[in-house]
Amino acid sequence: METPAVSTTGEKDTSQPQQQWEKNLRENFDSVTQIRQQPRDPPTETLELGVSPDPASQILENTQGTEKLVAELEGDSHKSHGSTSQMPEALQASDLWYCPDGSFVKKIIIRGHGLDKPKLGSCCRVLALGFPFGSGPPEGWTELTMGVGPWREETWGELIEKCLESMCQGEEAELQLPGHSGPPVRLTLASFTQGRDSWELETSEKEALAREERARGTELFRAGNAEGAARCYGRALRLLLTLPPPGPPERTVLHANLAACQLLLGQPQLAAQSCDRVLEREPGHLKALYRRGVAQAALGNLEKATADLKKVLAIDPKNRAAQEELGKVVIQGKKQDAGLAQGLRKMFG
């Protein structure tokens with residue numbers, strides 16, 4: 001089934017239609033052979049997002065942008081949606097929390113109580129207000145289970161989950177989002193049930209959860225939702241990365257599939273890194289070589305792109321996608337050489 005075209009910001013040669021390029025990419029996509037496990041009752045075994053941000057879940061990588069958000073929050077700390085009488089004490093530096101991937105800055109308006117925070121499987125009663133129209137949850141009270149449910153596949157879902165992991169019961173906070181000029185988003189965690197840390201899961205549980213994430217990711221990819229698929233693959237990888245080395249072989253497929261998503265999302269640098277991880281384990285992995293070649297071409301690294309694509313053709317001479325991509329790289333190289341020659345003539349002519 002053909003999936004909707006996904007626009008990218010990576011540099012590509014537009015001489016070949018976008019649909020054909022995406023078709024080549026999907027023809028080289030790893031399909032899932034595992035059948036998703038039947039859901040457990042109750043579904044309390046879930047995935048923790050607070051380990052370390054993977055490339056698929058990074059919304060913003062600009063530390064200067066984060067510093068700007070912090071400065072705005074510190075400068076406007078007296079401007080709150082609630083009255084100052086709601087605040088038991090003056091805001092301190094500890095009232096600001098920086099999301100590790102730079103996707104938002106949290107300012108605590110009302111402190112929670114206790115030390116516990118939501119974990120895997122925690123059912124959270126949440127009040128979300130002020131999200132940009134069309135990009136957030138329905139306003140009002142809602143219940144969200146950490147690591148469970150389709151809400152996590154949305155951009156706002158991942159952001160809320162990361163924020164909830166940092167909150168105590170009863171905490172109310174404002175979130176400053178990059179590019180959002182309106183009032184800060186407000187999030188309140190009224191209560192939550194007890195969950196589990198990822199280290200409390202058995203190896204078999206982690207592997208089962210990773211298989212479910214991978215299967216869901218492939219469903220989303222085939223439906224044209226590369227962004228949601230990337231988040232699923234990233235969560236699966238974070239689970240498997242906690243296992244002792246060398247880890248299960250499924251990590252290789254996950255990195256390769258993540259690279260396919262990153263290419264469609266216009267993230268060639270991240271795609272090349274994902275392919276590097278695959279090729280560290282399997283130097284002759286055809287799909288990783290092809291995707292890294294595409295990524296290197298988008299980055300303008302034509303020699304590296306040529307080397308990867310020629311390796312693919314040396315193993316599989318009839319690989320049509322690699323043949324077409326190599327032809328584009330050759331044309332791109334000739335254009336670069338012509339441009340350089342013209343520049344030199346102007347300089348020394």
Side-chain angles (χ1 to χ4, degrees), residues 6-7 9 48-82 86-87 91-112 117-118 124-142 144 146-147 149-168 171-190 225-228 230-232 234-235 262 265-267 270:
V6 181
S7 62
T9 57
E48 183 177 22
L49 287 178
V51 180
S52 61
D54 69 283
S57 66
Q58 291 178 342
I59 302 174
L60 178 70
E61 295 180 290
N62 188 336
T63 56
Q64 292 181 350
T66 304
E67 292 170 357
K68 179 180 179 182
L69 296 178
V70 175
E72 291 174 356
L73 287 175
E74 291 175 335
D76 297 336
S77 61
H78 63 286
K79 299 178 182 178
S80 170
H81 291 301
Q86 292 177 305
M87 300 173 60
L91 286 173
Q92 305 293 329
S94 59
D95 291 306
L96 294 178
W97 184 78
Y98 315 79
C99 187
D101 65 2
S103 56
F104 65 91
V105 177
K106 182 186 76 171
K107 179 174 68 174
I108 299 175
I109 303 302
I110 298 178
R111 288 184 175 277
K117 296 179 175 64
C124 305
R125 182 163 174 76
V126 176
L127 175 64
L129 298 172
F131 271 84
F133 180 76
S135 63
E139 295 203 348
W141 289 101
T142 185
L144 305 173
M146 301 290 283
W151 67 275
R152 300 167 68 237
E153 296 164 7
E154 304 290 340
T155 301
W156 62 263
E158 185 169 4
L159 184 147
I160 286 181
E161 192 164 34
K162 286 186 285 188
C163 186
L164 290 175
E165 289 177 339
S166 72
M167 300 178 74
C168 297
E171 181 178 319
E172 184 175 343
E174 288 182 350
L175 310 183
Q176 189 69 41
L177 310 179
H180 177 48
S181 58
V185 171
R186 174 162 291 198
L187 192 65
T188 302
L189 175 60
N225 187 353
E227 186 176 3
R231 282 193 286 271
C232 289
R235 288 193 290 260
Q262 290 162 336
L265 292 171
Q267 301 169 340
L270 298 180

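Any value given below was found using the heavy atoms of this structure, including those in side chains, with hydrogens, waters and symmetry copies removed. Numbers for residues simply follow the sequence, beginning at 1.
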Could you grab the distance from atom CD1 of I160 to atom CD of E165, nearest 0.5 Å is fine? 12.5 Å
L177 versus L159, closest heavy-atom pair with distance: CD2-CD1, 3.6 Å
Nearest non-hydrogen partners of L265 and A230, listed with the distance: CD1-CB, 4.3 Å
Exactly one of K107, K106, R111 clears salt bridge (charged side-chain N to carboxylate O under 4.0 Å, His left out) with D95, and that residue is R111
Inter-residue atom distance L129.CG - R186.CZ, 0.5 Å rounding: 7.5 Å
On a heavy-atom basis, the closest approach of C163 and L187 is SG-CD2, 3.8 Å
When every non-hydrogen atom of L164 is compared with those of P118, the smallest separation belongs to O-CD, 3.2 Å
Between K117 and S166, what is the shortest heavy-atom contact and its length? CE-O, 3.3 Å
Residue of the set I108, T188, L189 for which side-chain contact (heavy atoms from CB on, under 4.5 Å) holds with M167: L189
Hey, what do you get for SG (C99) to CD (Q176), rounding to the nearest 0.5 Å? 14.0 Å
Closest non-hydrogen contact found for A190 with W141 is CB-CZ3, 3.5 Å
Between CD on residue E172 and CG on residue L127, distance to nearest 0.5 Å: 7.5 Å
